[in-house]
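Working notes for the structure below.
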Amino acid sequence: MAILVTGGAGYIGSHTCVELLNEGYEIVVVDNFSNSSQEALRRVTEITGKSFKLYQLDLLDKEKLEAVFEENKIEAVIHFAGFKAVGESVELPLKYYQNNITGTIVLCELMKKYHVKNLVFSSSATVYGMTDHVPIREDAQLGAVNPYGRTKLMIEEILRDLHHSDQTWNIAILRYFNPIGAHASGRIGEDPTGIPNNLMPYISQVAVGKLERLTIHGNDYQTKDGTGIRDYIHIVDLALGHIKALEKIKRRSGGVDAYNLGTGKGYSVSEMVDAFEKASGKIISTTISRRRPGDAATCYANPTKAKEQLDWHAVRGIDEMCQDSWRWQQNNPTGYVKKVNKESRTPVQSNAAVFFNV
Ligand code: WQD
């Protein structure tokens, strides 16, 4: 029996594939590579020494996705596939609703048809909106403030309705805080398209000389040093949280629960700059701008529920997060894209499985 990983070539997906394979799971990956690279999956095989099947497809292509269920015995799905750029979602809301929500509905319809009811869903702390009531518990007021966050919130509601209609659905909703860092090998990591929106990839690109300086969005918040505070969590801790969530839903006959995947500690932008300078030995040039619209001053998790119910908690500290981020960035200054002629890459056959062999 295999675990189907949608969006398995992405930053969180690829790190979770490594941990699934390390745990001995058989996996099947589907990805349309709209915001990820096949190279990440090749390196997952390199790191783990394990093979797995890949189907290049879009979740909106129901016929191609159904073939995956026809050709493989799927016991559970970890669903990462989705667009996640807040700014882009404001400019292109229909693209986000179509891709994130309709894609999830197509997936759930096929899961239902093939009697696969175990689902781990990739949600986000963004569903808590602009709350400053910290630490944030799972029963906090929900209220997304942008189309991206609203897709995550709506999908959570869809999954609750699905479970209400059929109690055998077995769903874990994981609300990520701020994932950063990389696998210790430095072979896989965060590879944003274009100019990074998020803090850590921006800082690491300044450190490696790809970007000139970091613009700190506001230093007049009511926080220890005036800059925004967030709950940064190591990507490997986050990936391991998915393994624990999978084990939890496999132990029960049905249910739907949301869990915060965060450390429970908050660090300011200035503290992150200092930590990265310490890890990299580089000076990060900065400038201050006005606040970024939609940013909360402070956001960090109460991770108690995941500790108690998933037997999971984050163990990697901020120094390790920065060291691992820097190792990835240093070893891969242009991310996964090599300076090779694009034509020289053999495209994945989209209508059949491709084996990533050791
Ligand atoms: C962190 C802090 C910024 C960039 C976002 C999404 C959320 C989730 C995680 C998907 C804030 C400051 C940032 C920069 C800065 N993604 N900052 N200069 O906004 O907490 O969350 O990513 O689920 O949905 O909203 O993360 O990394 O963008 O910002 O000063 O160039 O860094 O103001 O205080 P955020 P972030």
Side-chain angles (χ1 to χ4, degrees), residues 7 10-13 35 79-90 96 100 121-132 134 136 142-153 155-156 173-181 190 192-207 210-235 238 258 260-263 265-276 284-301 318 321-322 325:
Y11 173 42
I12 304 172
N35 191 24
H79 177 32
F80 292 108
F83 295 145
K84 64 153 214 133
V86 171
E88 186 188 51
S89 78
V90 174
Y96 272 68
N100 292 6
F121 172 61
S122 166
S123 190
S124 166
T126 204
V127 300
Y128 295 116
M130 289 276 282
T131 180
D132 272 340
V134 290
I136 301 175
L142 301 181
V145 294
N146 55 67
Y148 160 72
R150 277 189 278 276
T151 67
K152 291 298 185 183
L153 197 47
I155 292 169
E156 289 196 15
I173 294 167
L174 304 183
R175 293 173 180 162
Y176 310 149
F177 280 70
N178 292 62
I180 65 169
E190 189 169 10
T193 309
I195 304 289
N197 300 306
N198 295 136
L199 181 68
M200 183 50 76
Y202 203 107
I203 289 178
S204 63
Q205 289 192 19
V206 170
K210 204 172 168 190
L211 294 170
E212 191 183 347
R213 72 169 60 81
L214 170 72
T215 300
I216 297 178
H217 298 317
N219 64 350
D220 59 347
Y221 286 103
Q222 296 299 313
T223 63
K224 61 182 95 169
D225 57 27
T227 63
I229 291 176
R230 295 292 184 275
D231 185 331
Y232 298 96
I233 175 170
H234 196 293
I235 188 72
L238 193 76
N260 287 336
L261 294 193
T263 66
K265 288 189 283 293
Y267 285 91
S268 74
V269 175
S270 298
E271 287 173 322
M272 293 305 287
V273 171
D274 293 346
F276 202 88
I284 306 297
S285 168
T286 63
T287 182
I288 305 290
S289 75
R290 285 178 307 144
R291 297 179 181 186
R292 184 172 64 175
D295 271 359
T298 302
C299 175
Y300 57 88
I318 209 73
M321 293 180 215
C322 292
S325 276

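Counting starts at 1 for both ligands and their atoms, in listed order. All values derive from a computational prediction rather than experimental measurement.
- The parts of Asn198 lying near ligand 1 are both backbone and side chain, judged by heavy-atom distances below 4.0 Å.
- When heavy-atom distances to ligand 1 are checked against a 4.0 Å cut-off, Tyr148 comes that close only through its side chain, counted from C-beta outward.
- Separating the CD1 atom in Ile216 from the OG1 atom in Thr286 is a distance of 4.5 Å, to the nearest 0.5 Å.
- With Glu271 as the fixed residue, the salt bridge (charged side-chain N to carboxylate O under 4.0 Å, His left out) test singles out one of Lys265, Arg230, Lys224: Lys224.
- Under the ring pair (Phe, Tyr, Trp, His ring centres under 6.0 Å) criterion, Phe121 pairs with His79, not counting sequence neighbours.
- Annotation: atom 28 (O) of ligand 1 to nearest protein heavy atom, Arg292 NH2, 2.8 Å.
- With hydrogens and angles ignored, the 3.5 Å screen pairs no side-chain donor or acceptor of Asn146 with any backbone N or O of Val90.
- With Ser325 contributing its side chain and Cys322 its backbone, the two residues share no donor-acceptor pair below 3.5 Å.
- Residue Leu199 has at least one nitrogen or oxygen atom sitting less than 3.5 Å from a nitrogen or oxygen atom of ligand 1, judged on distance alone.
- Under a 3.5 Å cut-off, the side chain of Arg292 and the backbone N or O of Gly218 do not form any donor-acceptor pair.
- Atoms of ligand 1 found under 4.0 Å from any heavy atom of Ile216 (numbered from 1 in listed order, with element): 30 (O).
- Heavy atoms of Tyr267 come nearer than 4.0 angstrom to ligand 1 in no pair at all.
- Of all atoms in ligand 1, numbered sequentially from 1 with element shown, those under 4.0 Å from a heavy atom of Gly228 are 34 (O).
- With a 4.0 Å cut-off on non-hydrogen atoms, Tyr221 does not touch ligand 1 at all.
- By heavy-atom distance, the residue among Asn178, Ile180, Val86, Thr286 lying nearest atom 35 (P) of ligand 1 is Asn178.
- Looking at His217 against ligand 1, both its backbone and its side chain come within 4.0 Å, counting heavy atoms.
- Distances below 4.0 Å separate heavy atoms of Asn197 from the following atoms of ligand 1: 4 (C), 28 (O).
- By the criterion of a heavy-atom distance under 4.0 Å, the backbone of Thr215, and not its side chain, is placed next to ligand 1.
- Just one residue in the list Leu153, Val134, Ile136, Val145 forms a side chain to side chain contact (heavy atoms under 4.5 Å, CB included) with Tyr128, and that residue is Ile136.
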